[in-house]
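Read the structure below first, then the notes.
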Amino acid sequence: MGMEIENNKMEVIKEEEDSEVTDSEMVRFLRNALQEVGETEFESSTHHYSDLVAVFGNQDGRDTDHVALLVASSRALSRAVTYIDIDRHNSLLSNIFRMSIWNFGENVMDALIDLIKALAASSGKYVEDCLEMLVRNFKPPQNLLNFVSQPHGIAKKEKVQDRVHKALKDIAELMPVSLLYLNGIVVQRMPRMSSKNDFPRKIKDDLQLSEIYVESMLKLERGVLGRFMGNVMLSAVVYRLVELDVEIEWDEILQDDPSKGIFDMEIEDTDEAADYNDDGEVMGADAFADRLDSLMVLTCEHIKSRADEGHLHEVFDTLLLSFKKSILDTHKSKFAQFVMFYACSLDPERCGVRFAVTLADTFVRAGESPTTRMSAVAYLASYLSRARFLPSTLVVSMLKRLVDWCAKYYCKFQDVEEENINPHVHRVFYSGCQAVMYVLCYRMRMMVDVPHLKSLLLDMPLESIFRNSLDPLKVCLPSIVNEFLRQAKAARLFTVSEKFFFNDLLESDLSKTYGGIERLDTFFPFDPCLLRNCDSFIRPHFLYWSIVNKTYDDDGDDNGNSDEDVNEDEGFVDGDGECFHDGDRNLDELDYEVDLDEFENSMNKMSITPRKSLKHMMPARIRPSTSPESL
């Protein structure tokens with residue numbers, strides 16, 4: 001192959017204006033140019049080396065002459081890398097490692113990638129710089145951001161990513177030591193988060209760069225190198241999800257109305273406009289939510305892909321560690337936890353059970369801080385209530401474990417006088433009691449309709465933990481207590497006094513006291529996922545309050561008819577008259593057999609996944625994380 005070189009750029013081989021130069025001649029020229037440099041770059045006796053540095057300093061991919069020169073120079077330099085010295089040719093190396101292959105076509109991409117691989121293989125001194133260059137190309141230059149969102153830009157992104165990841169794999173095969181550096185470089189190079197005080201354009205661009213970068217990170221973990229890199233990539237992605245999550249302030253998207261109970265709130269169906277600036281760009285919380293939604297989708301797709309490849313349990317190990325490290329004690333987290341929910345839904349028998357057991361273990365472990373224990377039981381209650389895929393026996397066993405712990409705790413303080421109770425001192429106990437009531441609000445009908453589950457429920461010392469001197473019915477959230485007592489009365493679990501009904505109060509001063517500054521009394525982490533695209537992964541596995549079968553009739557009859565569908569001798573009878581003896585059926589199979597078209601239509605009428613603004617992704621009258629379902 002040959003090429004034409006302009007005399008005014010590199011005077012070599014021939015004096016004519018246009019000269020055809022062979023590859024071998026080009027290699028000899030570059031070797032000479034490199035060798036002419038003295039002990040320092042400033043001692044070069046010719047302009048040839050300076051011209052070579054300039055070639056790699058020009059990142060304009062529109063200049064066809066420059067592109068041809070860059071391809072030839074890269075290919076020739078790949079065959080002359082042994083003549084490059086890290087001290088004498090620092091300017092040349094700096095320009096090479098700053099190259100963005102996004103600016104060029106496929107010919108330049110391939111030539112530059114070959115040069116980087118040759119440099120990495122030539123000397124261990126260049127390995128880290130080569131990895132840095134490739135990882136820097138995980139994301140495009142700022143000037144190409146708008147282009148990357150277009151169809152041609154998406155195709156360009158795929159071409160760049162494919163070449164970068166193949167180069168990383170090739171370098172790892174040539175220089176296995178590169179794997180020691182790669183994790184740290186990838187994590188360190190993650191785009192920084194913008195502040196909400198930054199200009200809207202900067203926020204938008206930074207979030208888009210972050211999304212593109214995360215896409216490459218997950219691609220790296222799915223690839224051949226993933227098994228050598230441990231859990232670093234996915235852990236870093238989960239941490240980024242949490243960072244974005246906490247940037248979305250509740251005050252920006254919610255308005256309070258404490259007169260409403262958490263089981264009474266409807267999500268409003270509204271078409272009000274989102275918060276846009278003059279250029280039509282989404283502003284504030286909406287921009288963060290939109291990008292978080294995209295990253296959540298990428299993460300869920302990654303989890304599903306790994307599950308299809310038979311690696312779900314490895315991924316779940318990473319997610320569980322990340323959950324305990326990054327999510328569990330982050331009380332402002334509203335959405336990031338749904339990656340755990342989705343992973344559990346893909347393998348309820350192992351992942352789903354393991355997550356529940358981990359949360360229960362954390363709650364009962366005395367060595368954990370009260371805040372961590374309260375967070376864990378809030379997650380457990382929300383998870384047991386919302387996950388349609390869990391075996392019913394798991395829900396009952398976890399519920400029994402909570403009840404037994406609460407009963408054991410009360411035994412230590414049964415002599416405490418009611419007027420001397422300090423809710424903050426016993427906050428872990430109250431969080432456990434509220435978790436029991438919350439789960440039963442969702443699952444009581446399921447349990448009383450199945451004879452052996454009903455028997456297990458009746459054997460639990462519920463009355464003793466709720467009616468004692470610590471008086472959890474007066475301390476826990478009144479809205480949850482009311483719903484629990486209403487269903488307990490209809491199911492005849494125990495006699496309910498009218499004094500325990502609180503006239504639809506959402507919360508009380510006592511519940512605020514035990515909830516602490518984090519307001520863990522109002523923390524329901526698996527409330528409906530209100531990110532419109534991520535919700536498509538969660539919704540099929542999620543139990544909405546609107547389809548919960550309660551022990552009382554919705555027309556207000558609290559006398560209950562929970563035994564009507566039960567034949568005590570034959571087992572549970574479904575709506576078609578079929579009898580089931582298996583108490584281990586998944587909850588979505590057991591209790592909530594509804595017309596899917598009708599359910600989807602009812603959900604479409606509700607703004608669970610609004611069309612525009614995050615401000616309308618939440619019910620307009622609800623406190624932070626206080627709604628098990630906003631109906």
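In this chain, numbering begins with 1 at the start of the sequence shown. Hydrogens, waters and symmetry mates are skipped; everything else that's a heavy atom, side chains included, is used.
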* Asked: Would you say F323 and T358 make side-chain contact, with heavy atoms under 4.5 Å?
  -> no
* If we only count heavy atoms from C-beta on, is the L462 to F466 side-chain gap below 4.5 Å? -> yes
* Do Q487 and Y442 have side-chain N/O donor and acceptor atoms under 3.5 Å apart? -> no
* Pairwise side-chain contact, L399 with M447, heavy-atom cut-off 4.5 Å (strictly under) -> yes
* For E309, look at atom CD and say whether over 12 heavy atoms of other residues, nucleotides or ligands are found less than 6.0 Å away. => yes
* To do: Establish, yes or no, whether the cationic atom of R486 lies under 6.0 Å from the six-membered ring centre of Y552 and within 45° of the ring axis.
  => yes
* To do: Answer yes or no: is there a donor N or O on one side and an acceptor on the other, between the side chain of R443 and the main chain of L384, under 3.5 Å?
  => yes
* Structure fact -> Only residue of V439, L456, V450 satisfying side chain to side chain contact (heavy atoms under 4.5 Å, CB included) with V396 is L456
* Ring center gap for F389 and F341 short of 6.0 angstrom -> yes
* Would you check if F338 and F537 make a side-chain contact, meaning some heavy-atom pair closer than 4.5 Å? => no
* Asked: Is the shortest heavy-atom distance from the side chain of L380 to the side chain of L402 under 4.5 Å?
  -> yes
* To do: Starting from the C-alpha separation in whole Å, work towards a yes-or-no answer on salt bridge (charged side-chain N to carboxylate O under 4.0 Å, His left out) for R354 and D361.
  => CA-CA 10 Å; R354 186 178 170 195; D361 288 345; over 6 Å; no
* Asked: Are Y379 and F523 near enough that their ring centres are under 6.0 Å apart?
  -> yes
* Asked: In terms of heavy-atom contacts, does CZ of R350 have more than 12 from other residues, nucleotides or ligands at under 6.0 Å?
  -> no
